[in-house]
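What follows is a short report on a single structure.
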Amino acid sequence: MLQLYDTLTREKLAVSPSEGETLRFYCCGPTVYGPSHIGNFRSFLVQDLFRRVVELGGIKTKHVRNLTDVDDKTIRRSQEEGKSLAEFTNFWGARFHADCNALHILRPHEEPSAVKHIAEQIALIEILMAKEHAYRGADGSVYFSVSSYADYGKLSRLDKRELRLGSSQTAHDADEYEKDSLADFALWKAHKPEDGPNAWDSPWGRGRPGWHLECSAMGMKYLGESFDLHSGGVDLCFPHHENEIAQSEAATGVEFVRHWFHISHLRVEGEKMSKSLGNLYTLADLEEKGWNADEMRYTLLAGHYRQPLNFTFDTMHAAQHALHRLGDFAEKLLQLAGKERLPDYEALLRKAPPEFGVFRPAWEALLDDLNAPEALGQLFKGVKEVETKLKAGQVRAEEAGEILTGLGAIVAAFGWALPAAAGETGGEETPEEIRELAQQRWEAKQAKDWAKADELRDALKEKGWAVKDGTDGYELTSL
RNA sequence: GGCGAGGUAGCCAAGUGGUAAGGCCGGGGUUUGCAAAACCUCUAUCGCGGGUUCGAUUCCCGCCCUCGCCUCCA
């Protein structure tokens, strides 16, 4: 069973459903106001790894991940572009889904949108008002009263005094005087002119929900008042998750979430990600540089999730080679076993947990707080062990099949589609002329006419194409 | 200032009270017409200074440095 560190208790806790057979968990999703960058994807990818490990371990899941489609940023940007909020957020939401598909991130079972759950959010505020955990400020907004909730600060371990004295807070905008206390946060924001047409009716007048509220309202709607696990980037710990706990528990009186799972941030080439450094890479940026989704998955999952990860192009390169090795390794075994491909995720789930065989240590590393780096280490140890036997001709067909099951299971946990071994003939975009030359070279080579083959290869090189031979075919790459 | 994380080979990155996984790069080799790929093999004493211990990279203390959060950023 998976043991996972819990931010609240600071201990590793077993991950299992509290009720029934399904693990119910919520992940804070993206704010759809632009393309997500690799830092965002690190979180979604780690959550995906988490889900795969849980499911491969034989536990069903109900996975909810929201789309934040109403907040300051979405409203402002949509107006700057002269689009309606819906048009704007639908566009970026679709882009997010396309990116997730490209990265083989499993689709959540529910993906609620904040604007489509205004009623649920209002209902939650009404409960908080009735229980006197919320009040109406001078500006017409509704605030949560932090002082009414004794446990406030338990997740981030910030006490109220520190919250007030936080050094980074500039604290002198007009809002300060509209709230009873600086730490209080908005549940409902009264309409302001700059919000344009983006306002909804509520018992407190027209306005829009506060950001923190949507996760509480939608989490509880789809997973129940109390559910198993909640995840997000470390930065969400405070104030977002702290506020979610406060408003949810104040409303229901029961524990909101049993287990908090936070993912550390990414650094890029040793530096912090920022717009000014131009290193907020999106999936499209990396694709343009020639990297594929599996390489990104490998790189972004190669560090421990609780540790800041330094994303570098050296690591991407390392990932590319590592994946190729795994692909070649799988290919050898597939041939030996007389099979076409590794077992896929769905097939593995049908008899979860699978037999990991020599890759058992890699699986165990994943079960121990999703220790992906250790798992990768163990994976390659297993590969080497098998390679040695393979070389000595000591692996029989049925054994190869068993090894493939274990390998396939680890590969499925990481969610990769391994590159096929060399042997493909040119891609579709390859110009006819080039394919022609490559084919001629291949024929010359088959005829052992080395001089002609080399000549043709040089010709290809001049035209900007490299050719690499495999065992029974060749691969063309554009230089 | 408060809370927290971390400093391990050229790069990335695990880990342990008994002299340090794995990947990439680089060197050497096997194989291959060549090239590529693949396979084998080699490369660190764990930020600095003390202490505890038979023994510390791993525990304690001090110091230096990096990073995150402290009101809407995954």
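In this text the structure is predicted, and so the values were computed from the model without any measurement. Just so you know, these numbers use all the heavy atoms, side chains as well, and skip hydrogens, waters and symmetry mates. Below, chain A is the first sequence line, B the second, and so on; all start at residue 1.
Stacking is not found between A/His321 and the pyrimidine-like six-membered ring of the B/G23 base under the 5.5 Å centre-distance and 30° plane-angle cut-offs. Here A/Trp450 packs flat against the base of B/G33; its ring centre is closer than 5.5 angstrom to the base's six-membered ring, tilted by less than 30 degrees.
Within the 4.0 angstrom heavy-atom criterion, base atoms lie near A/Gly377. Counting any heavy atom pair closer than 4.0 Å across all strands shown, A/Leu390 reaches no nucleic acid atom. At a threshold of 4.0 angstrom between heavy atoms, the contacts of A/Asp314 are confined to the sugar-phosphate backbone, with no base atom among them. Using a 4.0 Å heavy-atom criterion, one finds that A/Met273 contacts the bases of the nucleic acid, with or without backbone contacts as well. Contact annotation for A/Gly39: base contact, defined as any heavy-atom pair under 4.0 Å involving a base atom. Residue contacts for A/Ile263: at a heavy-atom cut-off of 4.0 Å it reaches no nucleic acid atom on any strand shown. Among the heavy atoms of the strands lying under 4.0 Å from A/Gln307 are primed sugar atoms or P, OP1, OP2 only; no base atom is included. No engagement by A/Arg65 is indicated, since no non-hydrogen atom pair under 4.0 Å with the nucleic acid exists. Among the heavy atoms of the strands, none lies under 4.0 Å from A/Phe185. Among the atoms of the strands shown, only primed sugar atoms or phosphate atoms (P, OP1, OP2) are found under 4.0 Å from some heavy atom of A/Asn371.
Ion pairing between a basic and an acidic side chain is recognised when a charged N comes within 4.0 Å of a carboxylate O; A/Arg208 and A/Asp72 show such pairing. Salt bridge annotation for A/Lys289-A/Glu295: absent, with no cationic side-chain nitrogen under 4.0 angstrom from a carboxylate oxygen. Taking 4.0 Å as the cut-off between side-chain N and carboxylate O, A/Asp368 and A/Lys12 count as a salt-bridged pair.
Side-chain to base pairing of A/Arg457 with B/C34: one donor and one acceptor N or O lie within less than 3.5 Å of each other.
Helical stems in RNA chain B, defined as runs of 3 or more consecutive Watson-Crick or G-U wobble pairs with donor-acceptor distances under 3.5 Å: B:1-7 with B:64-70, B:10-12 with B:22-24, B:26-30 with B:38-42, B:47-51 with B:59-63.
Rounded to whole Å, atom P of B/G4 lies 14 Å from atom CG of A/Leu8. B/U71 atom C1' lies 13 Å from atom CG of A/Asp235, rounded to whole Å. In this entry the distance linking CZ of A/Phe41 with C1' of B/C73 reads 16 Å, nearest Å. Between the CG atom of A/Asp454 and the P atom of B/C34 there is a distance of 11 Å, rounded to whole Å. One can place NE2 of A/His317 at 17 Å from P of B/C11, the figure rounded to the nearest angstrom. Taking atom NZ on A/Lys272 and atom C1' on B/C67, their separation rounds to 9 Å, with Å as the unit. Going from atom CD of A/Glu385 over to atom P of B/G22 covers 13 Å, rounded to whole Å. As rounded to whole Å, 16 Å separates atom P of B/U31 from atom NZ of A/Lys332.
Looking at the side chain of A/Glu387, the nearest of the listed nucleotides B/C12, B/A74, B/C40 is B/C40. Here the nucleotide nearest the side chain of A/His324, chosen from B/G23, B/A38, B/A5, is B/A38. Checking B/G33, B/C12, B/G22 against every side-chain atom of A/Thr312, the shortest atom distance belongs to B/C12. Distance from the side chain of A/Thr315 is smallest for B/C12 among the nucleotides B/C12, B/G23, B/A21.
A cation-pi arrangement is found for A/Arg306 relative to A/Tyr5, the charged atom lying closer than 6.0 Å to the ring centre and inside a 45° cone about the ring normal.
For the 3.5 Å distance criterion, the side chains of A/Tyr33 and A/Asp69 fail to qualify, holding no donor opposite an acceptor.
For A/Lys189 and B/C72, the shortest distance from a side-chain N or O to OP1 or OP2 is not below 4.0 Å. Using a 4.0 Å cut-off, some side-chain N or O of A/Arg325 falls inside it from OP1 or OP2 of B/G23. Taking only side-chain nitrogens and oxygens, A/Asn310 never comes nearer than 4.0 Å to OP1 or OP2 of B/C11.
Nearest heavy-atom pair across A/Arg65 and A/Cys28 is CG-C, 4.3 Å.
When ring centroids are compared, A/Tyr298 and A/Trp416 come within the 6.0 Å threshold. Ring centroid separation for the pair A/Phe44 and A/Phe96 comes in under the 6.0 Å cut-off.
Using bins of under 30°, 30° to 60° and over 60° for the plane-to-plane angle, the ring pair A/Phe256/A/Trp260 lands in the tilted bin.
Of the residues near RNA chain B, A/Lys448 and A/Lys73, the one whose nearest nucleotide (by heavy atom distance) lies more toward the 5' end is A/Lys448. Looking at which nucleotide of RNA chain B each of A/His37 and A/Phe329 is closest to, the 5′-most match is held by A/Phe329.
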